[in-house]
Amino acid sequence: METANPNAEVLRTLKLHIGMGLAGEKSEDNSIDLQIRIAELDAEFKKMLDRVSTDTIEAFDEETATRLMNEKSRLQQQLDSIADAAQRRENAKSRLDDIYTILDGIKNRPMEYDDQIVRQLLECVVVDSKEQITIIFKGGLKSVKPLNE
């Protein structure tokens, strides 16, 4: 019960670790640079097409057009990846807010014993001696307790 009783420091630490786990994904947002470069590629490709209509079909450089479209495709994939990462960060923030609300709600609330929850939280209980046991929680937290309490 002692380990289950939350105190302010334990809750702060728990929030920090949950936040690091859920929001650990950081990426550089260079989406503006990517959008500018895509617009430049589009403009360059449009110029190539405009020249074809006024000149002859031989003036169209397929190799350059392929290079431009491949670069645009690669940049668009990077832009989509940045947008996906931003959405994942937003979803993680929403989950964090929900978790923090729940954690704040249990701060001063009495906890009832539930055997099923205890079984889910405990990795094992080791009998060290007839005077002492070690309780190992899932995740590695250990608590050594005397038996004469």
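The model shown is predicted, which means the values in this text are computed figures rather than measured ones.
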With sequence neighbours left out, the residues meeting salt bridge (charged side-chain N to carboxylate O under 4.0 Å, His left out) with R74 are none

Sorted by chain and residue number, the salt bridge (charged side-chain N to carboxylate O under 4.0 Å, His left out) partners of D80 (sequence neighbours excluded) come out as none

Look at the side chain of S73 and the backbone N and O of M69, then say whether any donor-acceptor pair between them is shorter than 3.5 Å. no

Applying side chain to side chain donor-acceptor pair (under 3.5 Å) to T64 and not counting sequence neighbours gives D61

One should read off an interatomic distance between Q76 CD and E71 CD, to the nearest 0.5 angstrom, of 12.5 Å

- Query: Between Q87 and N91, is a side chain to side chain contact (heavy atoms under 4.5 Å, CB included) present by the stated rule, with each step listed?
  - Reply: CA-CA 6 Å; Q87 183 61 50; N91 291 346; 2.9 Å; yes

Would you give me the side-chain donor-acceptor pairs under 3.5 Å for residues 130-141, sequence neighbours excluded?
from : atom 1 : to   : atom 2 : distance (Å)
E131 : OE1    : S129 : OG     : 3.4
Q132 : NE2    : D128 : OD2    : 3.2
T134 : OG1    : D128 : OD1    : 3.3
T134 : OG1    : D128 : OD2    : 2.4

Exactly one of L34, D33, L41 clears side-chain contact (heavy atoms from CB on, under 4.5 Å) with R37, and that residue is L41

Taken in chain and number order and not counting sequence neighbours, the residues that satisfy side chain to side chain donor-acceptor pair (under 3.5 Å) with R67 are none

When the side chains of residues 115-126 are checked against the rest of the protein, which donor-acceptor pairs come out under 3.5 Å, sequence neighbours left out?
from : atom 1 : to   : atom 2 : distance (Å)
D115 : OD1    : Y113 : OH     : 3.0
D115 : OD2    : R119 : NE     : 2.9
D115 : OD2    : R119 : NH2    : 3.4

**Study point:** Presence of salt bridge, E44 and K47, under 4.0 angstrom
**Key:** no

Taking every heavy atom of S31 against every heavy atom of L79, the minimum-distance pair comes out as CB-CD1, 3.4 Å

In this structure, CZ of R88 is separated from CZ of R95 (nearest 0.5 Å) by 10.5 Å

